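Right, one structure below, let's go through it.
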Amino acid sequence: MAQTYDLTKGKVTPMILKFFFPMLFTNMLQQIYMIADTAIVGKGLGDNALAAVGNLSSLNFLVIGFSLGLANGFSVSVAQKFGAKNYDGLRKSIASSVVLSVIIAIILTAFSTMFLHDFFNLIQTDSSIMKDSLTYGYIMFGGLAATMAYNLCASILRALGDSKTPFVAIIISTLINIILDIVFIFVLKTGVDGAATATILAQIISAFICFIRLRKIDVIKLKTKDFKNNLIIYRELFRNGLPMALMNSITALGCMVVQYFVNGLGVAYTSAYSVCSKYINLFMQPACTAGFTMSSFTSQNFGAEKYNRIQDGLKVCLSIAFISYLLLGSVMFFFPEMLGQLMLSGEKPISLLSEYLPICGAMLFLVNFLFIFRSAVQGMGKPIIPMISGIIEMCMRIAVIVLFIENFGFKSTAYADVVAWMGAVLLNFIAYNVLINKYIRKNAGSKLGVHCKLSLFKA
């Protein structure tokens, strides 16, 4: 029988670190692959091809972010039932997650491919990169089911306390992906379509590895009855998953508006913004991973009603986020030009990137702490609050870019990110403290009530 991991018992710090590091390596490998993919496209096909690939990033964030939010929301229900030792409900939640994911994959694939050309027109895509943008987009969204399958399988494994299997899957798929990138672009001379095909093939492999692992866990072996009469479970999954999915999509809409203004400045700006986004995603990964860790840890312990233990976990995850800020924020602040030269060829895009990275590097702690507090709130089954924070984030990002791009130029994209992070983290910080104190008091009151009843019984 494959092993699951109970996060409701044992010393908090060693347990969190044991869960955190495999997932960190998983996420870093994914981002390093994206960096390598960008570098291969940029060096092998030029800055215009790089701009075409990066031009998809905001829509990619919208669609894939929506699916990832659903998967993470579904996994909260899975983790809570696992923490409460409700194995019948656990199997029904997993079965229902599979059914809903298949339906949503079909809808998202049709939606994203049908309106791809309209989207690129909407964000002022330059005619010189339109063809490559469409080619790359059709392949990526045509293979969306593979990405969703990996996200769902990996989220379920993490909800059960297994962060190692997704790590192994990503190691293998990343190596295959990079090899295929090199073969397609440098040997077969395929262009951006080769890069997209390599990504989809690698996603299929990573999903298959995670699926095989899930099949070996006896406690979640699904039967036909687990798929029946699940209307209540569907509602519960959507209650957790839909707000998280919408939060990601709302944030993506704000990024789309930024992309619109950036594209209007020219292809050099599009290339620079594409690479800046890649670096931000890379350097926030330790804190993002600590957030995923906090979500699984909170969900299991919330199901087990161990609220003080959630507080202990929060302290550990915040420490990880702060150390990450000190190390990686410093790299962004002091070495932006060197980072730009790794992926960009032209002097103009490198110069623009050097304006953006130091600003975001100095304020990276805001988004790092946002991941932790938001994940803790989600883990307690309150996804509406993070969704509202996503709306605040979107509004602030749009307001800053609209008001300041004319006077501050490309720097306004960095200011937009920083202000958006600030608004979102404040709401989630307040919400977490209100909720955790409420549950701790409630739990203490319940224990006192039980103690009084026992005392009366003894008397």
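In what follows, residues are counted from 1 in the order of the sequence shown. Not measured: the values here are computed from a predicted model.
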- Task: Determine, stepwise, if the pair Met15 / Val12 fulfils side-chain contact (heavy atoms from CB on, under 4.5 Å).
- Result: CA-CA 5 Å; Met15 177 168 289; Val12 172; 6.0 Å; no

- Message: Quick check on Lys85: does its NZ atom have over 12 non-hydrogen neighbours (other residues, nucleotides or ligands) under 6.0 Å away?
- Response: yes

- Close side-chain approach of Leu157 and Ile217, heavy atoms under 4.5 Å: yes

- Query: Any sub-3.5 Å donor-acceptor pair from Arg309's side-chain atoms to Lys9's backbone N or O?
  - Reply: yes

- Kindly indicate whether the side chain of Met247, heavy atoms from C-beta on, has any atom under 4.5 Å from the side chain of Ile388. no

- Item | Spacing of CG belonging to Leu364 relative to CG belonging to Leu370, to within rounding of 0.5 Å | 11.0 Å

- Item | Minimum side-chain heavy-atom gap Leu100-Phe238 below 4.5 Å | yes

- Query: Hey, do the aromatic rings of Tyr273 and Tyr269 have their centres closer than 6.0 Å?
  - Reply: no

- For the pair Tyr356 and Phe410, name the ring-plane relationship: parallel under 30°, tilted 30 to 60°, perpendicular over 60°. tilted

- Item | Any donor-acceptor N or O pair under 3.5 Å, side chains Gln285, Asn281 | no

- Message: Rounded at 0.5 Å granularity, tell me how far OG1 in Thr165 sits from CD1 in Ile209.
- Response: 9.5 Å

- Using a 4.5 Å cut-off on heavy atoms from C-beta on, say whether the side chain of Gln300 contacts that of Gln80. no

- For Tyr87, look at atom OH and say whether over 12 heavy atoms of other residues, nucleotides or ligands are found less than 6.0 Å away. yes

- Closest contact, heavy atoms only, Thr251 versus Gly390: OG1-CA, 4.1 Å

- Is there side-chain contact between Arg235 and Ile232, with heavy atoms separated by less than 4.5 Å? yes

- With under 30° as parallel and over 60° as perpendicular, where do the rings of Phe373 and Phe369 fit, or are they tilted in between? perpendicular

- Inter-residue atom distance Leu282.CG - Leu339.CG, 0.5 Å rounding: 9.0 Å

- 4.5 Å side-chain heavy-atom contact, Thr293 and Arg158: no

- Taking 4.0 angstrom as the limit, do Lys81 and Glu236 come out as a salt bridge? yes

- Query: Strictly by modelled atom types, are Thr135 and Asp193 linked by a side-chain donor-acceptor pair under 3.5 Å?
  - Reply: no

- Answer yes or no: does atom NZ of Lys221 have more than 12 heavy-atom neighbours from other residues, nucleotides or ligands under 6.0 Å? yes

- Message: Please give me the minimum heavy-atom distance between Ser93 and Leu237, naming the atom from each residue.
- Response: O-CD1, 3.7 Å

- Query: With no hydrogens and no angle check, is any side-chain donor or acceptor of Tyr150 less than 3.5 Å from a backbone partner on Ile204?
  - Reply: no

- Counting distance only, does the side-chain N/O of Asn86 pair as donor-acceptor with the main-chain N or O of Phe82 below 3.5 Å? no

- Message: Ring centres under 6.0 Å, that's the criterion: do Phe404 and Phe408 meet it?
- Response: yes

- Query: Is the CZ atom of Phe333 crowded by more than 12 outside heavy atoms at less than 6.0 Å?
  - Reply: no

- Query: Where the side chain of Ser67 meets the backbone of Ile64, is there a donor-acceptor pair that is under 3.5 Å apart?
  - Reply: yes

- Take Ser101 and Phe74 through the test side-chain contact (heavy atoms from CB on, under 4.5 Å) and record every step on the way to the result. CA-CA 10 Å; Ser101 294; Phe74 294 167; 3.9 Å; yes

- Task: Using atom types as modelled and distance alone, determine if a side-chain donor or acceptor of Lys306 lies under 3.5 Å from a backbone N or O of Thr8.
- Result: yes

- Item | Steps toward side-chain contact (heavy atoms from CB on, under 4.5 Å) verdict (Asn240, Gln378) | CA-CA 8 Å; Asn240 280 322; Gln378 290 169 342; over 6 Å; no

- Task: Find out whether Ile170 and Ser173 are in side-chain contact, i.e. whether some heavy atom of one side chain is under 4.5 Å from a heavy atom of the other.
- Result: yes

- When rounded to the nearest 0.5 angstrom, what is the spacing between CG in Leu435 and OG1 in Thr298? 11.0 Å

- Item | Residues, nucleotides or ligands: over 12 heavy atoms within 6.0 Å of Phe211 CZ | no

- Item | Euclidean distance, Met380 CE relative to Ile310 CD1, rounded to 0.5 Å | 6.0 Å

- Query: Counting only N and O atoms by type, is there a donor-acceptor contact under 3.5 Å from the side chain of Ser206 to the main-chain atoms of Gln203?
  - Reply: yes

- Message: Quick check against the 3.5 Å criterion: does Ser389 have a side-chain atom that pairs as donor or acceptor with the backbone of Pro386?
- Response: yes

- Leu116 versus Leu134, closest heavy-atom pair with distance: CD2-O, 3.8 Å

- Any idea which heavy atoms bring Phe292 and Ser375 closest together, and the distance? N-OG, 4.2 Å

- Query: For Phe297, does its backbone N or O pair with a side-chain atom of Asn301 as donor and acceptor, under 3.5 Å?
  - Reply: yes

- Task: Check the pair Cys153 / Phe208 against side-chain contact (heavy atoms from CB on, under 4.5 Å), numbers first and verdict last.
- Result: CA-CA 9 Å; Cys153 291; Phe208 181 73; over 6 Å; no

- Query: Hey, is the main chain of Ala245 close enough, under 3.5 Å, to the side chain of Ser249 for a donor-acceptor pair?
  - Reply: yes

- Query: Is Phe119 atom CZ crowded by more than 12 heavy atoms from other residues, nucleotides or ligands, each under 6.0 Å away?
  - Reply: yes

- Message: Taking the side chain as everything from C-beta on, heavy atoms only, tell me whether Ile176 gets closer than 4.5 Å to Leu201.
- Response: no

- Asp162 to Pro166 - nearest heavy-atom pair and separation: O-CD, 3.8 Å

- Any sub-3.5 Å donor-acceptor pair from Arg397's side-chain atoms to Cys255's backbone N or O? no

- Angle class for the Tyr325/Phe322 ring planes (parallel below 30°, perpendicular above 60°, tilted otherwise)? tilted

- Side-chain H-bond candidate by donor/acceptor type, Arg374 with Asn428, under 3.5 Å: no

- Looking just at side-chain N and O atoms, do Ser75 and Asn72 make a donor-acceptor pair shorter than 3.5 Å? no

- Can you name the closest pair of heavy atoms from Asn368 and Ala321 and give their distance? ND2-O, 3.1 Å

- CG (Leu108) and CE (Met148) are apart, to the nearest 0.5 Å, by 5.5 Å

